[in-house]
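Side chains included, hydrogens not; waters and symmetry mates left out as well; all remaining heavy atoms used. Keep in mind that what you see is a predicted model, and the values were worked out from it rather than measured. First listed ligand is number 1; within each ligand, the first listed atom is number 1.
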Amino acid sequence: MTDFFGTLSPLRYDPESDQMAFRHYNPDEVLLGKRMEDHLRFAAAYWHSFAWPGGDPFGGQTFERPWFGDTMEDARLKADVAFEMFQILNVPYFCFHDADIRPEGATFAESARRFSEITDIFAQKMEQTGTRLLWGTANLFSHRRFMAGAASNPDPEVFAWSAATVKNCLDATHALGGENYVLWGGREGYETLLNTDLAAETEHMGRFLSVVVDYKHKIGFKGAILVEPKPQEPTKHQYDYDVGTVYGFLKRFGLEDEVKMNIEQGHAILAGHSFEHEIAMAQALGIFGSIDMNRNDYQSGWDTDQFPNNVPEVALAYYEILKGGGFTSGGTNFDAKLRRQSLDPEDLIAAHAGAMDVCARGLKAAAAMLEDGTLEQMRRNRYAGWESPDAQAMLGMDLETIAAKVADGKIDPMPRSGRQEILENVVNRFV
Ligand code: XLS
Ligand code: NI
Ligand code: NI
């Protein structure tokens, strides 16, 4: 045991407690026939909680953590504290990038050795504590070698380095029993078209994703490969703009049955969508995978990665998730960081515990809306006309035949209310 979290002990569900506790997240409570823990499948992210120093564009490190440094001893201490946090929070899962967990070595081989030393430690800790890996991923964006992208880099050596890195991270994810593998296209995009061959870059990205998928099958990794869309930041334009764009990309390379989406609330907002839009779109296209449950500040135009704190918003997201049948291999990852003034270890626990409670309230509201059924009934009624044999037959007709039906005078549409306010009032009964 380290002394980082002092006397903080594992949090319990206790709505009446005056200590730090869960007031809404009750893992064993059953909703729609499933335990809350199994619905939400919470994961804590290694990077923001343990590797981020608290910097912003105007200032550097604010946090002081005993493991900040670049030795393997620091990395081992970080792992100890991380697993202590997972225990205090009782999160079933965690997620990590290679760069979060080990210091960069002088060579590729040295980095790889350091990486596997820490993932071996993870394996022991996972065994001891029962914490599981929701997903692993590679950091192909922080080191300067990736400044012009990874798979889309104009330099083929960076493409190769990236491939080798993903291979290591996928191997480690597989060895640790990870349930998914994520590719967020860190700097897969461009700053200016003046120096960019857009056709070549996207072609290379498609090839890269294809070989990752092939390798997954080769090693027998049963988890899902997930792409995480984002429209901009760090590059001015990211190729994996949003769910719809990525779907087109997957189609282009024949990967639409192989790859699913990891959808982040903040990225959806940056793309000019709502979170629930992106979830519903992925469900509609059959590529929904997992979520990063961290929100943006609506007044700033960047990815602020805040812990969720808006129950009505979260309820609408889980409503779409439950409506589509819930998570399979995916879960709720907090890709979220503290505010840079939140210096204390206790802040780290409070942030996650509060976020888990917000998600629990949102999930309960979503389950209640679904059980109540009014919203779905009203949605179905709106499309009821399509249930008639005539309407269905029309979907098999050519343009001239359809036009003839109207020319006959048999068709004369009557506008009907979309009933949006009534629907919003229904939602308001539950949130
Ligand atoms: C950055 C992304 C990143 C991915 C994992 O905006 O959200 O944190 O989730 O590489
Ligand atoms: Ni993000
Ligand atoms: Ni993310």
Side-chain angles (χ1 to χ4, degrees), residues 41-53 55-57 93-101 115 133-143 146 149-152 162 165-166 168-170 172-173 178-189 205 208-209 212 223-243 246 259-273 275 278-279 282 288-298 300-308 317 330-338 352 355 359:
R41 298 166 57 83
F42 284 130
Y46 215 88
W47 50 104
H48 289 317
S49 290
F50 304 108
W52 181 61
D56 72 8
Y93 290 102
F94 75 115
C95 301
F96 69 89
H97 303 81
D98 53 348
D100 309 333
I101 69 167
F115 179 61
L133 178 62
L134 186 64
W135 45 265
T137 190
N139 179 327
L140 303 177
F141 45 90
S142 293
H143 193 280
F146 301 119
S152 67
S162 305
T165 305
V166 169
N168 274 356
C169 291
L170 187 51
T173 300
E179 299 189 23
N180 304 273
Y181 184 83
V182 164
L183 295 118
W184 167 58
R187 295 181 192 273
E188 311 291 27
M205 278 178 66
F208 192 92
L209 190 54
V212 170
I225 300 286
L226 305 176
V227 165
E228 184 176 323
K230 185 173 185 180
Q232 74 264 346
E233 196 215 72
T235 69
K236 166 196 165 77
H237 177 94
Q238 308 260 134
Y239 294 130
D240 295 334
Y241 198 94
D242 61 1
V243 169
V246 175
V259 176
K260 294 186 157 58
M261 295 297 102
N262 182 42
I263 301 170
E264 179 166 313
Q265 194 269 7
H267 299 181
I269 303 304
L270 286 176
H273 302 304
F275 193 21
E278 287 290 82
I279 294 168
F288 176 71
S290 199
I291 59 171
D292 277 0
M293 182 54 100
N294 42 285
R295 56 170 302 203
N296 275 9
D297 186 313
Y298 288 103
S300 69
W302 70 91
D303 197 5
T304 51
D305 288 330
Q306 293 163 229
F307 284 89
T332 303
N333 174 45
F334 296 117
D335 184 359
K337 53 183 180 238
L338 294 172
H352 284 89
C359 291

Asks: Supply the atom-to-atom distance Ile291 CD1 to Asp335 CG, rounded to the nearest 0.5 angstrom.
Replies: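 Between atom CD1 of Ile291 and atom CG of Asp335 there are 11.5 Å.
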Asks: With a cut-off of 2.8 Å, which protein N/O/S atoms are close to the Ni ion (ligand 3), if we only count those under it?
Replies: Glu228 OE2, Glu264 OE1, Asp292 OD2, Asp335 OD2
Asks: Under the side chain to side chain contact (heavy atoms under 4.5 Å, CB included) test against Phe275, which residue among Glu264, Met293, Arg295 passes?
Replies: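 Single side chain to side chain contact (heavy atoms under 4.5 Å, CB included) partner of Phe275 among Glu264, Met293, Arg295: Met293.
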Asks: Which protein residues come within less than 4.0 angstrom of ligand 1, counting heavy atoms only?
Replies: Trp47, His97, Trp135, Trp184, Glu228, Lys230, Glu264, His267, Asp292, Asp303, Asp335
Asks: Could you check, using the six-membered ring where one of them is a Trp, whether Phe307 and His352 have ring centers closer than 6.0 angstrom?
Replies: yes
Asks: Got a donor-acceptor contact below 3.5 angstrom from the Asn180 side chain to the Gly223 backbone?
Replies: no
Asks: Between Asp303, Asp305, Asp292, Asp56, which is the residue that forms a salt bridge (Lys or Arg N to Asp or Glu O under 4.0 Å) with Lys337?
Replies: Asp305
Asks: Minimum heavy-atom separation for Arg187 and Pro234, please, with both atom names.
Replies: NH1-CB, 3.4 Å
Asks: Give the ring-plane orientation class for Trp47 versus Trp135, where under 30° counts as parallel, over 60° as perpendicular and anything between as tilted.
Replies: tilted
Asks: Aromatic rings His237 and Tyr239: how do their planes relate, parallel, tilted or perpendicular, breaks at 30° and 60°?
Replies: perpendicular
Asks: Going by atom types only, do Asn139 and Ser142 share a side-chain donor-acceptor pair under 3.5 Å?
Replies: yes
Asks: If you look at Asp303, which of its N/O/S atoms is nearest to the Ni ion (ligand 2)?
Replies: OD2
Asks: Keeping Glu278 on the side-chain end and Gln265 on the backbone end, is there a donor-acceptor pair under 3.5 Å?
Replies: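 No, because the side chain of Glu278 does not come within donor-acceptor range (under 3.5 Å) of the backbone of Gln265.
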